[in-house]
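Only one structure is covered here, and it is reproduced in the block below.
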Amino acid sequence: MKKSIVWLASYPKSGNTWTRVFLANYFLNTKEPLSINQVHRFGTGDSIPKMYQMVAGRQIDTNDLHLTLSLHEKVLRGIVANDADVNIVKTHNTRVPVFGYDLAPEKYSKSAIYIVRNPLDMLLSYAKHYGQTHEHTVTCLNSHDNGSSPDKTSVWQFHGTWSDHIKSWTENVPFPVLTLRYEDLLENPHEFFAQTVRFFGAPVDEERLDRAIQFSSFKELRKQEDDTGFVEKSPKTDKFFGKGTAGHWRDELDPALVKQIRQRHKKMMKKYGYYSE
């Protein structure tokens, strides 16, 4: 089997889906915005319950943690079995083995795009997505055991701490990784989304780039979600797509929680330009 998986990886609510929508609009060369509910035509995810049912050959209880983990590699094997040169796979899992299971095996992995976002902004979106308080979300981001339990859209996912997740995908990785900041994609989408296109070894067509950026704007994504809903929306929140801005933690996050995050993740925040004295 080919090493064909290009991982689109991030901690939850860091811009993963946004980037996937851009890539779909660019590479499918759409003349109208691609429906957000058709993005599955361009890549897949490693946490879709139906895929676990398919490889098991029967209905399974996705609450069964170890059964789900035991099927994870079969899901990946099923993805690469199409013998394509590239299979884009979205993941929020850490690259650290979980209960002995490797969630991003080198033998299937071609490369990865990793998106990092300021944890102070990210935790606001994370809390809303999972229907929990800011205080509880800070505890999650600081916990090595952090993950998300199954629901109708996803099986178990394993995140770990914010810092450890980034480290797992950006340090000592046995395949190429393009690391992008969410904030850079917001501020200069032409430069940084173009990097994602080149990462696939494809030339950048400026007209297609402009169109794909427009078609994946947060204004367009929110409009589509208002009109048609979004199949990937968490059942614990009203909307999947938020403001698509940076820095709103300054107005919305308790300074005591800001201090906790900065103390726990100072080294990684400094590395990515999110920490100021």
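Keep in mind the model is a prediction, meaning the values are calculated, not measured.
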Partners meeting side-chain contact (heavy atoms from CB on, under 4.5 Å) with Thr161 (sequence neighbours left out): His144, Ser163, Asp164, Arg264, His265
Greater than 12 external heavy atoms within 6.0 Å of Lys259's NZ: no
Set of residues satisfying side-chain contact (heavy atoms from CB on, under 4.5 Å) with respect to Ser14, sequence neighbours excluded: Ser10, Tyr11, Arg117, Met122
Pairs where residues 80-108 contributes a residue and the test ring pair (Phe, Tyr, Trp, His ring centres under 6.0 Å) is met, not counting sequence neighbours: His66-Phe99
Those residues that, when tested against His190, pass side-chain hydrogen bond (donor to acceptor under 3.5 Å, both in side chains) (two or more places apart): Asp210
Salt bridge (charged side-chain N to carboxylate O under 4.0 Å, His left out): pairs with one or both residues in residues 168-189, sequence neighbours excluded: Glu171-Lys271, Arg181-Asp184
Which residues share a side-chain contact (heavy atoms from CB on, under 4.5 Å) with Asn172, sequence neighbours left out: none
Which residues share a side-chain hydrogen bond (donor to acceptor under 3.5 Å, both in side chains) with Tyr52, sequence neighbours left out: none
Partners passing side-chain contact (heavy atoms from CB on, under 4.5 Å) against Glu207 (at least two apart in sequence or in another chain): Asp205, Arg211
Members sharing Val96's hydrophobic cluster (side chains within less than 4.5 Å): none
All pairs passing ring pair (Phe, Tyr, Trp, His ring centres under 6.0 Å) where residues 192-217 contributes a residue, at least two apart: Trp18-Phe193, Phe22-Phe193, Phe27-Phe200
Any pair counted as salt bridge (charged side-chain N to carboxylate O under 4.0 Å, His left out), so long as it reaches residues 97-110, sequence neighbours left out: Lys3-Glu106, Glu73-Lys107
Trace of the ring-ring contact (aromatic ring centres under 6.0 Å, His included) decision for His165 with Tyr114: CA-CA 10 Å; His165 194 280; Tyr114 187 81; 5.7 Å; yes
Partner set under side-chain hydrogen bond (donor to acceptor under 3.5 Å, both in side chains) for Thr91, not counting sequence neighbours: Asp46
Glu32, CD atom: more than 12 neighbouring heavy atoms under 6.0 Å: no
